[in-house]
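All values below were derived from every heavy atom in this structure, side-chain atoms included, with hydrogens, water molecules and symmetry-related copies excluded. The sequence lines fix the lettering, A, B, ..., with proteins before strands; numbering per chain opens at 1.
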Amino acid sequence: MLRRKENQEKFSSFYNLRDATAAGECPLCVLTRKAETTYFDSLLYENVNDPGVREKLNESFGFCRSHALQLLSFGDAVGTAILYSGVFQQIRNAIEKKAVTPVGKIPAAKGNCPACDVKERHETHYLRELCTRLSDQEMREALSDERSSGLCVPHFNKVMEKIHNDEERRWLLSLQTEKYKHLRTTLKEFVRKQDVQFRRERTSQEEEDSCRKALNIVVGTIG
Amino acid sequence: MPKSVKHSRWDDRLIEGFLRLLDHLQRKETTDEARKKFLGYYQLLDLFKVEDPAKGGKGQCPMCVIIHESLNHYFSTSLVEEINRAEYREPLQQSLGYCQRHSEYLRRFITEKRFRLGIAIVYEDVLSHIIEHFDLDSPVVATEQCPACSLENEIEDYATQLLTDYLHDDEFQKKFRNSGGVCLPHLRVIAEKTKNEEARKFLFEATAEHLSRTFQHLQELIRKNDYRFAGEKISKDEAASWQRAVHFFVGD
């Protein structure tokens, strides 16, 4: 009865976080990236003609660089063309006016990148969830599991900023140290095996992947 | 030059340029300006030729292309030739490797085996630095700027100065009109640096022309995807217009 009550308090966010630790990357990065992909998917599928969406995009001059590149990666030519036609016309008119009166600055964007807003919302949500669950045994087991790589540096700093419980802070710091040491050892092995003296020793998949993992863990998962 | 030797107009300009440079050197008026004018000027002209969409070019922003090529060169040489130099590796520990934007370059280089060793060595250092500085009371943060950011800023300043210096030049203007133009972030930077009103007017006029062309292609792309006009062929320019539109706002 008590156990069922405990489990009832855990909703989908908890299980998403727990499952994301098995991806071998920072779970917060994994979930944020998933949210961004879902956002672009549904935007291109059913919202390209939505006036509210278009107005927001006109104000923000489209998406920021990293989200614009993400949009392009979907390869939806018509959807992207429709989304950007309004804001493109707007900037073209502004530049044409400047050609007549070249004084003053080019107008700047007024709003935030809409995809950045989505990213921030999800990130805040999952950060809060993780901070609330750090003492949970199931969460600790998932984070300690060998498939987990711990948190990336930026997210680790954010979590440490939010949690005040000494025991949780010590536990998390010890986990991060252990995970980073393991990654460093794997990288060292990869480097050693590139030496001509050890060329007969094969690199494992984990060693081959270690460069990419190291990059991701230091800056946060990129694209 | 002997009169019997036939040479093109291109040769005339080069020869004239070299003679002027020699003159400067002889009169000991050697300045960086004198050298930059010839190499950088022709470098940009060549770039406009390459990026001319009418001649099959991608129409990319020349400033972005210069920056990308310089950064690609920086990464490909430093990951192989600089990797054992303390002057290269120590700042990277302090900056916690490269920033997110420049780590995109590393992600491309990681796919090539010859660069993976360099990346592994750099990030082994960075991880060691992070582990050493893990602390309960203070976050691990970069204490130095990303080295690639410093380099990019330098290159951008140089390329902006070059473009600004030659905006009034006739041949430069002609080639600029035929290119894909500059992206919005670089347009802002160049417009701010250009004090000459005629040059600013030209910059905005030429950019407005580029944008009108792209906008027309964008509209046509949308129209031809309507089932009623499905029989009409989509041109290369129209097919690429959606990417050009996005890149205009964020750079290439």
Side-chain angles (χ1 to χ4, degrees), chain A residues 61-66 68-69 71-72 76-82 84-85 87-89 91-92 95-100 102-103 105-106 108 153-154 156-158 160-161 166 169-170 173 176-177 180-181 183-184 187-188 190-191 194 208 210-212 214-220 222-223, chain B residues 96-101 103-104 106-107 110 116-117 119-124 126-128 130-131 134-136 139-141 184-185 187-188 191-192 194 197-209 211-212 214-215 218-219 221-222 225 239 241-243 245-251:
Chain A
F61 281 11
F63 296 104
C64 67
R65 186 182 159 81
S66 79
L69 295 179
L71 173 68
L72 286 175
D76 187 335
V78 185
T80 309
I82 293 171
Y84 269 79
S85 59
V87 60
F88 201 78
Q89 186 176 26
I91 196 76
R92 183 200 63 168
I95 303 285
E96 276 173 355
K97 279 192 188 137
K98 282 253 156 282
V100 174
V103 289
K105 294 191 172 190
I106 300 165
V153 172
F156 169 66
N157 286 339
K158 284 186 183 175
M160 288 297 270
E161 214 180 299
D166 270 342
R169 290 167 69 81
R170 268 182 240 284
L173 184 63
Q176 289 290 105
T177 310
Y180 283 25
K181 278 182 174 170
L183 182 56
R184 184 179 58 180
L187 268 172
K188 263 197 164 103
F190 175 80
V191 169
Q194 304 310 301
E208 288 286 341
S210 57
C211 285
R212 184 186 53 83
L215 248 182
N216 289 347
I217 219 76
V218 173
V219 296
I222 316 151
Chain B
L96 299 189
Y98 294 100
C99 66
Q100 196 161 74
R101 179 176 152 92
S103 296
E104 281 177 40
L106 284 185
R107 266 183 88 84
I110 254 179
R116 239 177 273 164
L117 174 59
I119 297 170
I121 291 171
V122 165
Y123 279 85
E124 192 193 322
V126 171
L127 276 174
S128 295
I130 292 171
I131 291 165
F134 263 152
D135 190 72
L136 273 175
V140 182
V141 291
L184 183 59
L187 178 69
R188 288 187 199 283
E192 203 169 302
T194 308
E197 201 171 294
E198 281 301 312
R200 277 170 69 88
K201 200 166 191 292
F202 163 75
L203 177 68
F204 290 126
E205 263 172 17
T207 305
E209 278 171 33
L211 295 180
S212 290
T214 308
F215 184 66
L218 206 59
Q219 294 290 88
L221 174 69
I222 296 169
N225 272 278
S241 62
W242 61 291
Q243 290 157 316
V246 175
H247 280 300
F248 172 73
F249 286 98
V250 300

K.L.:
Given a strict heavy-atom distance threshold of 4.5 Å, which part of B:Phe248 is in contact with chain A: side chain, backbone, both, or neither?
P.N.:
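Only the side chain of B:Phe248 comes within 4.5 Å of chain A.
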K.L.:
What part of B:Val126 lies closer than 4.5 angstrom to a heavy atom of chain A: side chain, backbone, both or neither?
P.N.:
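Contact with chain A involves the side chain of B:Val126 alone.
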K.L.:
How far apart are the closest heavy atoms of B:Gln100 and A:Gly220, and which atoms are they?
P.N.:
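Nearest pair, atom of B:Gln100 first, then A:Gly220: NE2-O, 3.8 Å.
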K.L.:
Can you say whether B:Leu106 sits under 4.5 Å from chain A via the side chain, the backbone, both, or neither, judging by heavy atoms?
P.N.:
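Both the backbone and the side chain of B:Leu106 come within 4.5 Å of chain A.
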K.L.:
Please flag which part of A:Gln176 lies under 4.5 Å from any non-hydrogen atom of chain B: side chain, backbone, both or neither.
P.N.:
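Both backbone and side chain.
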K.L.:
Counting only non-hydrogen atoms closer than 4.5 Å, does B:Ile110 touch chain A with its backbone (N, CA, C, O), its side chain (CB onward), both, or neither?
P.N.:
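Side chain only.
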K.L.:
If you take all heavy atoms of B:Tyr123 and A:Ala214, which pair is closest and at what distance?
P.N.:
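Nearest pair, atom of B:Tyr123 first, then A:Ala214: CB-CB, 3.9 Å.
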K.L.:
Give the minimum heavy-atom separation between B:Cys99 and A:Val219, together with the two atoms involved.
P.N.:
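So the two residues come closest at C-CG1, 4.2 Å.
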K.L.:
With a 4.5 angstrom heavy-atom cut-off, which part of B:Leu117 approaches chain A: side chain, backbone, both or neither?
P.N.:
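Both parts, backbone and side chain.
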K.L.:
Name the member of B:Pro185, B:Ala191, B:Ala208, B:Ser241 that forms the most heavy-atom pairs with chain A at distances under 4.5 Å.
P.N.:
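Looking at each of B:Pro185, B:Ala191, B:Ala208, B:Ser241 in turn, B:Ala208 comes out on top.
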K.L.:
Measuring heavy-atom distances to chain A, does B:Ile130 have an atom under 4.5 Å in its side chain, in its backbone, in both, or in neither?
P.N.:
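Interface part for B:Ile130: side chain.
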K.L.:
Chain B: which of A:Ile91, A:Asp166, A:Val100 shares the most heavy-atom pairs with it under 4.5 Å?
P.N.:
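Greatest number of close heavy-atom pairs with chain B: A:Ile91.
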K.L.:
Check whether B:Leu184 gets within reach of chain A through its side chain, its backbone, both or neither, counting any heavy atom under 4.5 Å.
P.N.:
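Side chain only.
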K.L.:
Looking only at heavy atoms and a cut-off of under 4.5 Å, which of B:Gly97, B:Ala245, B:Ala206, B:Ala239 has the most pairs with chain A?
P.N.:
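Heavy-atom pair counts peak at B:Ala245.
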K.L.:
With a 4.5 angstrom heavy-atom cut-off, which part of A:Val191 approaches chain B: side chain, backbone, both or neither?
P.N.:
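Answer is both: backbone and side chain atoms of A:Val191 are under 4.5 Å from chain B.
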K.L.:
So which heavy atom on B:Arg188 is nearest to which on A:Ile106, and how close?
P.N.:
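Taking every non-hydrogen atom into account, NH1-O, 3.0 Å.
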K.L.:
Taking atom CG of B:Asp135 and atom CG of A:Leu173, what is their separation to the nearest 0.5 Å?
P.N.:
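Here the interatomic distance stands at 7.5 Å.
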K.L.:
For A:Ser210, is it the side chain, the backbone, both, or neither that has a heavy atom closer than 4.5 Å to a heavy atom of chain B?
P.N.:
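Looking at A:Ser210, nothing touches chain B.
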K.L.:
If the condition is side chain to side chain donor-acceptor pair (under 3.5 Å), which residues does B:Arg101 pass it with, not counting sequence neighbours?
P.N.:
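Checked B:Arg101 against side chain to side chain donor-acceptor pair (under 3.5 Å); matches are B:Glu152.
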K.L.:
I need the B:Glu124 CD to A:Cys211 SG distance, nearest 0.5 Å.
P.N.:
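With rounding to 0.5 Å, CD (B:Glu124) is 10.0 Å from SG (A:Cys211).
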K.L.:
Based on non-hydrogen pairs under 4.5 Å, which of B:Ile222, B:Asn225, B:Leu218, B:Leu136 is most in contact with chain A?
P.N.:
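Of the candidates given, the most pairs with chain A belong to B:Leu136.
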K.L.:
Under a 4.5 Å heavy-atom cut-off, does chain B meet the side chain of A:Gln194, its backbone, both or neither?
P.N.:
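Only the side chain of A:Gln194 comes within 4.5 Å of chain B.
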K.L.:
Of the listed residues (A:Lys158, A:Arg170, A:Arg65, A:Glu96), which shares the most heavy-atom pairs with chain B below a 4.5 Å separation?
P.N.:
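Max contact count across the listed options: A:Arg65.
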K.L.:
Could I get the full list of side chain to side chain donor-acceptor pair (under 3.5 Å) partners for A:Arg184, not counting sequence neighbours?
P.N.:
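Here the qualifying residues are B:Ser128.
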K.L.:
Would you name the heavy atoms of A:Phe88 and B:Phe215 that are closest together and state the gap between them?
P.N.:
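Heavy atoms only, the tightest pair is CE2-N, 3.7 Å.
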K.L.:
B:Thr194 versus chain A, heavy atoms under 4.5 Å apart: side chain, backbone, both or neither?
P.N.:
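No part of it gets close to chain A.
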K.L.:
In Å, rounded to the nearest 0.5 Å, how long is the span from NZ of A:Lys98 to CG of B:Leu203?
P.N.:
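Result: 11.5 Å between the selected atoms.
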K.L.:
To check you understand the geometry: which heavy-atom pair defines the closest contact between B:Val140 and A:Asn157, and what is its length?
P.N.:
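Closest heavy-atom pair between B:Val140 and A:Asn157: O-ND2, 2.9 Å.
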K.L.:
So, taking the atom named CG in A:Leu72 and the one named CH2 in B:Trp242, what distance separates them when rounded to the nearest 0.5 Å?
P.N.:
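Between atom CG of A:Leu72 and atom CH2 of B:Trp242 there are 5.5 Å.
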K.L.:
Rounded at 0.5 Å granularity, tell me how far OH in A:Tyr84 sits from CD in B:Gln243.
P.N.:
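Here the rounded value is 12.5 Å.
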K.L.:
Could you tell me whether B:Glu198 atom CD has more than 12 heavy atoms of other residues or ligands within 6.0 Å of it?
P.N.:
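Atom CD in B:Glu198 is not packed in, count stays at 12 or less.
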K.L.:
Of the listed residues (A:Ala68, A:Ala81, A:Cys64), which shares the most heavy-atom pairs with chain B below a 4.5 Å separation?
P.N.:
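So the answer, after comparing A:Ala68, A:Ala81, A:Cys64, is A:Ala81.
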K.L.:
Name the region of A:Lys181, side chain, backbone, both or neither, that has any atom closer than 4.5 Å to a heavy atom of chain B.
P.N.:
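Contact with chain B involves both backbone and side-chain atoms of A:Lys181.
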K.L.:
Counting only non-hydrogen atoms closer than 4.5 Å, does B:Glu209 touch chain A with its backbone (N, CA, C, O), its side chain (CB onward), both, or neither?
P.N.:
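Answer is neither: B:Glu209 stays 4.5 Å or more from chain A.
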K.L.:
Could you check, using the six-membered ring where one of them is a Trp, whether B:Phe134 and A:Phe156 have ring centers closer than 6.0 angstrom?
P.N.:
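Between A:Phe156 and B:Phe134, which both carry aromatic rings, the centre distance is below 6.0 Å.
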K.L.:
Please classify the contact between A:Phe61 and chain B as side chain, backbone, both or neither, with a heavy-atom cut-off of under 4.5 Å.
P.N.:
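Contact with chain B is through both the backbone and side chain of A:Phe61.
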